[in-house]
Amino acid sequence: MKKMNVIFCGTPDFSVPALEMLFNHPHINLSHVITMPDRPAGRGQKLQSPPVATFAKENRISLIQTENINREEEFLNKIKNEKIDAIIVLAFAQFLGSKILTLPKIGCFNIHTSLLPKYRGAAPIQYALLNGDKESGVSIQRMVKAMDAGDLVHSFPMKIDDNETGGQLYTRLKFQAALSLNTLIYELIDNTITYIPQNHELATFAPTLKKEDGFLDFSNKTCDEIHNQVRALIPWPGTWCKLNGKRLKVFAVEKSLKKTSLGNCDTSDGNLLIGCKDGTLRLTDVQIEGKKRASDSSLINGMKNSTKEFQIN
C-alpha cells in the first residue's frame with residue numbers, strides 16, 4: 001500500500017503524541033513538520049525550542065519554524081510538487097491561508113479539543129470546566145478559512161469528573177487526540193470518511209485566557225462557580241485572591257456547611273472559610289506570597305502570631 005504524504009503543524013507538548021503517532025504510522029510518510037520559532041524561556045531567557053520542534057529534530061524530520069507559514073513562499077512553492085495528501089493541524093497557534101488550504105490532495109484537518117460547534121477558539125478545555133460541563137471531547141474538522149467552522153469528520157465524547165482539573169483533562173485529551181487522529185488516518189486510507197456540516201447557530205466560543213481571569217470574586221459568584229474556576233485554571237493562569245493584602249493562590253476548595261456572610265472570611269475553626277452568593281467555601285489548598293504551598297489550617301496557624309483578623313480583599 002502506498003503511504004500517504006502528510007504535513008503536521010503543531011507547537012506545544014499537547015501536539016507531540018499525535019506527531020509521534022504519525023511518525024511511527026506504517027501508512028504515513030511524514031513529509032514535513034511546521035511549528036513556531038524558538039522562544040526565550042526560564043530565568044536565563046535562553047532560547048528554547050517548542051516541544052514539536054524538539055521531537056522533529058531528534059527524529060530528523062524535515063522541519064520549518066516560522067511566525068507565519070503563509071508567508072513562506074519558497075517552502076510553499078516547494079511542497080506544491082510533493083503531492084501532499086493531507087495536512088494535520090493540532091495546537092498550532094497560526095491560521096492557514098487559502099494557498100495552504102488548497103495544497104493537499106484530500107484536505108487540511110484540524111484536531112480540536114471540544115465537541116464542535118461548542119467552544120471554538122483557543123481555550124476549549126478551560127471553558128468546558130468553567131461552565132461545569134459534564135463532557136468534553138475531541139473533534140476533527142476539515143479546515144476552512146473561518147475558525148473551527150469546517151465540516152466534522154470525527155467526534156469523540158469524553159466524560160468530565162466533577163473535580164477534574166484543567167491539567168488533568170488536558171492530559172487525557174492530549175492522548176485521545178492522537179487516538180482520534182489514528183481513526184481519521186484509516187478512514188482516509190479506506191475512503192470511508194464522511195463530512196458532516198456544523199450547525200453554526202449552535203456555535204459558542206472559548207477565547208484566550210488572561211492572567212486576570214484567575215481572580216476569585218467570592219461576593220459575586222456561587223460556590224460551584226468558584227469551584228469550577230479554581231479547577232479549570234489549573235495549571236494556568238491559576239486562581240487567586242488577596243488575604244490581608246497579600247496575594248493568595250488557591251489550588252482547591254470545598255463546600256462547608258458553616259454559614260459565613262457574603263465576601264467575609266471566617267477562621268474561627270482554624271480553617272479558611274469564605275462566604276459566596278449561595279453558601280460557604282473552604283479554601284483547602286493555598287499559597288500566600290512569600291511562603292510555601294500549604295493547607296488552609298497550616299496557613300492560619302502560621303499567621304496567628306502576626307494578626308488576629310483575617311480579611312479577603
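Everything numeric here is computed off the predicted structure, so don't read it as measured data.
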Side chain proximity check, [X] to [Y], heavy atoms < 4.5 angstrom:
X: D213; Y: L130; result: no
X: L116; Y: S155; result: no
X: P40; Y: L47; result: yes
X: T35; Y: F55; result: no
X: I300; Y: N271; result: no

Should side-chain heavy atoms under 4.5 Å link Ile, Leu, Val, Met, Phe, Trp and Tyr, which residues sit in the same cluster as [X]?
X: I7; result: I34, I64, I69, F75, L76, I79, I84, I87, V89, F92, L96, I100, L101, L103, M143
X: M36; result: none
X: F215; result: W240
X: L115; result: none

Taking only residues two or more places apart in sequence or in another chain, which ones pass side chain to side chain contact (heavy atoms under 4.5 Å, CB included) with K246?
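By the side chain to side chain contact (heavy atoms under 4.5 Å, CB included) rule, K246 matches I288, E289.
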Distance (rounded to the nearest 0.5 Å) between [X] [atom1] and [Y] [atom2]:
X: D278; Y: K221; atom1: CG; atom2: NZ; value: 13.0 Å
X: N301; Y: S295; atom1: CG; atom2: OG; value: 8.0 Å
X: L262; Y: K277; atom1: CG; atom2: NZ; value: 9.0 Å
X: F23; Y: I61; atom1: CZ; atom2: CD1; value: 5.0 Å
X: L188; Y: M4; atom1: CG; atom2: CE; value: 4.5 Å
X: I312; Y: L283; atom1: CD1; atom2: CG; value: 6.0 Å

Presence of salt bridge, K3 and D85, under 4.0 angstrom:
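Salt bridge between D85 and K3, a charged N being under 4.0 Å from a carboxylate O: no.
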I'd like to know if R39 pairs up with E67 as an ion pair, taking the criterion as any Lys NZ or Arg NE/NH1/NH2 lying under 4.0 Å from an Asp or Glu carboxylate oxygen.
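A salt bridge is present here (some side-chain N lies under 4.0 Å from a carboxylate O).
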Can you say whether the rings of H154 and F156 are parallel (under 30°), tilted (30 to 60°) or perpendicular (over 60°)?
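Plane angle under 30°, so parallel.
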Can you say whether the rings of Y127 and Y119 are parallel (under 30°), tilted (30 to 60°) or perpendicular (over 60°)?
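If you compare the ring of Y127 with that of Y119, the planes turn out tilted.
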For [X] versus [Y], what's the shortest heavy-atom pair and its separation?
X: P207; Y: A123; value: O-CB, 3.6 Å
X: C223; Y: G279; value: SG-C, 3.6 Å
X: A149; Y: V144; value: C-CG2, 3.9 Å
X: V52; Y: P12; value: CG2-O, 3.8 Å
X: S49; Y: D38; value: OG-OD1, 3.0 Å
X: I106; Y: R142; value: O-NH2, 2.6 Å

Can you tell me if [X] uses its side chain to pair, donor with acceptor, with the backbone of [Y] under 3.5 Å?
X: N70; Y: F95; value: yes
X: N264; Y: G275; value: no
X: T260; Y: I274; value: no

Residue [X] excluded, over 12 heavy atoms near [atom1] under 6.0 Å:
X: Q45; atom1: CD; value: yes
X: N77; atom1: CG; value: yes
X: K57; atom1: NZ; value: yes
X: K249; atom1: NZ; value: no
X: F205; atom1: CZ; value: yes

For L19 and L30, what are the C-alpha separation, side-chain angles and deciding distance, and is it a side chain to side chain contact (heavy atoms under 4.5 Å, CB included)?
CA-CA 9 Å; L19 171 58; L30 190 54; 3.5 Å; yes
Does a side chain donor of either [X] or [Y] reach within less than 3.5 Å of an acceptor in the other side chain?
X: S268; Y: D266; value: yes
X: H32; Y: S62; value: yes
X: T284; Y: D296; value: no
X: D133; Y: N131; value: no
X: R120; Y: Q141; value: no
X: Q176; Y: S180; value: yes

Please tabulate, one pair per line, all N/O donor-acceptor pairs under 3.5 Å involving side-chain atoms of residues 230-237, not counting sequence neighbours.
| residue | atom | partner | partner atom | Å |
| --- | --- | --- | --- | --- |
| R231 | NE | D162 | O | 3.4 |
| R231 | NE | N228 | OD1 | 3.0 |
| R231 | NH1 | D161 | O | 3.1 |
| R231 | NH1 | D162 | O | 3.2 |
| R231 | NH1 | E164 | O | 2.9 |
| R231 | NH2 | N228 | OD1 | 3.2 |

